[in-house]
Every structure is written in structure tokens, then in C-alpha cells.
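Note that this is a predicted model, so its numbers are computed, not measured. Chain letters run A, B, ... following the sequence lines, proteins first, then strands; residues in each count from 1.
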Number of protein chains: 2
Amino acid sequence: MGVRAQQKEKTRRALVDAAFNQLSAERSFSSLSLREVAREAGIAPTSFYRHFKDMNELGLTMVDEGGLTLRQMMRKGRQRAEAGGSVIRISVDTFMEVMESNPNVFRILLHERSGTSAAFRAAVEREIEHFISELAHYTEAHANRHPVLARAQAEALVTLVFNAGASALDLKRSDRKQLADQLVLHLRMVATGAEALQQKMEQKMGS
Amino acid sequence: MGVRAQQKEKTRRALVDAAFNQLSAERSFSSLSLREVAREAGIAPTSFYRHFKDMNELGLTMVDEGGLTLRQMMRKGRQRAEAGGSVIRISVDTFMEVMESNPNVFRILLHERSGTSAAFRAAVEREIEHFISELAHYTEAHANRHPVLARAQAEALVTLVFNAGASALDLKRSDRKQLADQLVLHLRMVATGAEALQQKMEQKMGS
DNA sequence: TAAATTAGCTTACACATGTACTCTGAAACG
DNA sequence: CGTTTCAGAGTACATGTGTAAGCTAATTTA
């Protein structure tokens, strides 16, 4: 890659990072202005357009990076689960850990999921759908769960996890620990319920 | 009440209604400007201050009204449940129905729940907390559930319901019906799981 | 090496915003 | 009836915004 393209990539990165850095509990992506981001990245406002058509395009790029983080998280969780132990506990711990070291990545995902831009919502939903189907597949295989139930179970689990994540983002560490324990109980309820419903179903089919 | 106070109340109402009416899938409260709201209400921008200190105060008023709607919904649900039938089904149907006739009330609750204003988040959370404790109490009494489990069950149920609500808001009627069925299954999983966990718990205590 | 490309800058403009200040007419009060 | 109160309007201003147009200097290309 030429010197020129290299510098361009660097500036683009600076823009994305600037945007991520401006996110916080009291600052959402949609409240950022093009000029603010450019300022933080150290370039002139009008130079922004050399990299993105508008703020929307920047945002979608950020959501994509969020999807990447999500997939890395899944991989990490699977690896840990292979070593044995409670899958639920491991998943929750992994989630909290990854979230803690990438708070702003989760901020944009969790916030824009219920945001006002249809494009954003769709992009986030697509990433979460990955998550769900992967989890459903896993449950189907490892717990021998009926596909329909596995899907529903995965949906419920993911909803609970992401919701807890949204709450956890703004908590201090000790409260977060408590919230994680709460979440584990919620997830156990769903998993146990799915198991029970499946047995009931099989009884009916057998009789 | 004097003519004067009456007129003032009317204008105040016009402001609140104007704000509610401007909400939509692509327009959140925080994206509304004071001037827009005043315009829609038919008063001069500067007259806004005769009624609210700032937009924040208007928003909190709207959240309070949302809480009212929530409590009316609970009452309606309880009434219907008394007549018998699946509590879960009745609750979901009631929720969807009330939401459908007050979409913008739910919009502000669901959106500002994960919004950027701490005051808003706290206000919404307070209303939802009502919901949870009421539901926990109900389950404790009617299903004879252990308090800790009842609480956790209620938390999970409410999370799932509100999350489904957020998704349902922007769907057409047929898709909403499907989402409601999905939600019912999720809730059944939680309820069944809570029941099973309780039995397991009681066995342990008994041995 | 000469020509073409382009990332980033400067300047400029039209527009929307929140709100301070002042005025007015009608209702409320004594 | 005379005085006070006050909801609402009008004017004005400082500030932030997105983005169009054109320039420059350095890299890339032929």
C-alpha cells in the first residue's frame, strides 16, 4: 500500500476512533455532530467527506465493528466452554468481560438497536440475529433440543443478556457483579423451562 | 378554576400533545427542539417557558404520563385475568392492545429507558420497577412462589415483554401477532423454569 | 520528468437553535 | 374601579450546524 493510501487509512481510523471516544452514558452517536468528530480527529470539518458520505455512513461502519467484537466474543466463549463448567456462567462472565473492555462498542449497539434510524436498527438486528442462530444451533446440538424450542430459547436468552448488558454499562463494578448473578438466574430459568417444555412435548408425542 | 388558569392548562396540554405527536419511529424525544414543539402547539417559542423550565421538564412530564398508562394497563390485565384463562396470554394481549392505542407513550418509555439522560432513565426505571414488584407479588401469592424466585421471574418476564414491545412498535399488525405468539412462548419458558427450579429447591430443603 | 490525482485546508453561507429582554392586553384582586 | 399579575408575542443575538467552492502541496502515474 502506497504512502498516500496508508495516510488516508490512518485518518479514517482517527475518525472512527474519535467517534467511539465521544460516546458515553450521556452522549449517543446520534447526538454527535460531524464537526465535533472532525475536530476530535484533528481534521477540518470538510475533510470528513473524503472518508464518509455523511455521519450515517460513519455510524454504520461503527456498527459493523461492533458485529466483529460480538463474533470474537462468541469465539472466546466457546473456547472457554470447551474446558468444561457451567455454560451459562461462562457465557455471562465472558459477556461482561468483553463489554467492560469495549464499553463504547456496546453502547452503539445497545442504543442504536432501539434508535431512530431504520438502517441502524436493521444493521444491529442483523448482528444480533447471528448471535441468536449460532446459540440456537449450539443448544440444538449439545442439549438435543427440538429446533423450534432451541430457537425460542436462544431468543429469550439473548434478549435477557443484551438487556442486562445495557443496564450494566453504567454501573460500578460491584453492582455489575450482582447484576451478573441476577442474569445467571434468569438464564437458568429459561434453560430449565425449555428443558421442561421439551419433556412435556415428548411425552405428548409418545402417548 | 378561573378562566385564566383554564386557558393556561389548555396550552400546557397542547405542548405535551404536540410533543407526543411528533414522536415516531424515526423521531425520538431528544431530537425534538423546543421551537418545533412550540410551533406545533401554536405558541411562540419564548412562551414555552411559561409552562416548562426546559425540554427536559416536558420530557419528564411525558414519562410520568407513561407511568400512568402502565398502571392503567396493569389494572385492565388483572381484571381480565380474574375472569379466568391463561394469565400469560391475557397479559400479552393486553400489553399489545394498550401499546397499539398509545404507541407514542410507549415510544418515549422504551427509548428513554436506554437514553442519554440519567434523569430520564431513572424516571422510566422507577415506573418499570413498579411493574416488576407488582408482578412478583402476584406470582408469590397465586403460584405460591418463593419470594426470591418470584422476584427473579418477574424481572425476566418484564424484560422480555418490554423488549418485545420495542420491536412490536414498528411492525405491521400481522407481524405483531406473530411476535406476540413468540413472546408467549418465551414467557412460558420462564414460568415453567421458575416452577421447576422451585421444586428442585424444595426437594433439597426437604432432604 | 511532466501531468494527473487527491487528502486536507480555508473561506463562506444559509439556516436552526436556545433564550434574554421588553411589551401588551386581559384576567384577578382589593 | 384602580392596581397588580401574568400568558403570550415580538425582536434580537450569539452560537453551532452541514456543506458548497476553490486552492495547495504532495503522491502517483505514465
Side-chain angles (χ1 to χ4, degrees), chain A residues 1-24 26-62 108 111-112 115-120, chain B residues 1-24 26-62 108 111-112 115-120:
Chain A
M1 193 165 58
V3 177
R4 197 165 201 157
Q6 219 165 335
Q7 174 55 35
K8 178 164 188 182
E9 180 53 32
K10 209 170 145 191
T11 306
R12 185 189 151 98
R13 219 19 287 149
L15 282 169
V16 174
D17 289 344
F20 268 123
N21 285 334
Q22 308 223 13
L23 295 181
S24 72
E26 33 286 310
R27 210 82 161 70
S28 72
F29 174 77
S30 58
S31 81
L32 299 182
S33 75
L34 182 154
R35 288 174 104 108
E36 274 178 307
V37 174
R39 206 178 305 136
E40 176 87 5
I43 66 169
T46 48
S47 299
F48 179 96
Y49 298 106
R50 300 284 181 204
H51 302 274
F52 301 100
K53 186 177 138 288
D54 52 24
M55 282 293 285
N56 236 307
E57 200 174 289
L58 205 210
L60 290 176
T61 301
M62 293 165 77
I108 197 169
H111 190 96
E112 298 308 325
T116 49
S117 153
F120 274 49
Chain B
M1 191 166 58
V3 177
R4 195 164 200 158
Q6 220 166 336
Q7 174 55 35
K8 178 165 187 182
E9 180 53 32
K10 209 170 145 191
T11 306
R12 186 189 151 99
R13 216 25 285 147
L15 281 169
V16 174
D17 289 344
F20 268 123
N21 285 333
Q22 307 222 14
L23 295 181
S24 71
E26 31 292 304
R27 211 84 162 69
S28 73
F29 175 77
S30 58
S31 82
L32 298 183
S33 75
L34 182 153
R35 287 174 105 106
E36 272 178 309
V37 174
R39 208 178 303 136
E40 176 86 5
I43 66 169
T46 50
S47 299
F48 179 95
Y49 297 106
R50 299 286 181 200
H51 302 274
F52 301 100
K53 188 176 137 287
D54 53 24
M55 282 293 286
N56 235 306
E57 202 173 286
L58 207 208
L60 289 177
T61 301
M62 293 166 76
I108 197 168
H111 191 95
E112 298 308 325
T116 50
S117 154
F120 274 48

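Residues passing the side chain to side chain donor-acceptor pair (under 3.5 Å) test with A/Thr11, sequence neighbours excluded: A/Gln7. Residues passing the side chain to side chain contact (heavy atoms under 4.5 Å, CB included) test with A/Thr116, sequence neighbours excluded: B/Ser28, B/His111. Legend: residues meeting side chain to side chain donor-acceptor pair (under 3.5 Å) with B/Asp17, ordered by chain and number and at least two apart, are B/Arg13. Listed by chain and number, the residues in a side chain to side chain donor-acceptor pair (under 3.5 Å) with A/Arg27 are A/Ser31, A/Glu36 (sequence neighbours excluded). Listed by chain and number, the residues in a side chain to side chain contact (heavy atoms under 4.5 Å, CB included) with B/Ala14 are B/Ala41 (sequence neighbours excluded).
Both B/Leu32 and B/Gly2 lie close to DNA chain C; mapped to their nearest nucleotides by heavy-atom distance, the more 5′-ward contact belongs to B/Leu32. For B/Val3 and B/Leu34, each mapped to the nucleotide of DNA chain C holding its nearest heavy atom, the one lying further toward the 5' end belongs to B/Leu34.
The separation between A/Glu9 atom CD and C/dG8 atom P is 11 Å, rounded to whole Å. Atom CE of A/Met1 is separated from atom P of D/dT27 by 15 Å (rounded to the nearest Å). Taking atom CZ on B/Arg39 and atom C1' on C/dC15, their separation rounds to 12 Å, with Å as the unit. Atoms CD (B/Glu57) and C1' (C/dG18) sit 16 Å apart, rounded to a whole Å. If you measure from atom OH of A/Tyr49 to atom P of D/dT17, you get 12 Å, rounded to the nearest angstrom. Between the P atom of C/dT6 and the CD atom of A/Gln6 lies a distance of 18 Å, rounded to the nearest Å.
Side-chain contact check for B/Gln22 versus B/Phe29: every heavy-atom pair is 4.5 Å or farther apart.
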**Message:** Across nucleotides 1-14 of chain D, 5' to 3', mark each nucleotide with B, S or - according to how protein heavy atoms within less than 4.0 Å reach it.
**Reply:** ----BBBBBBB---
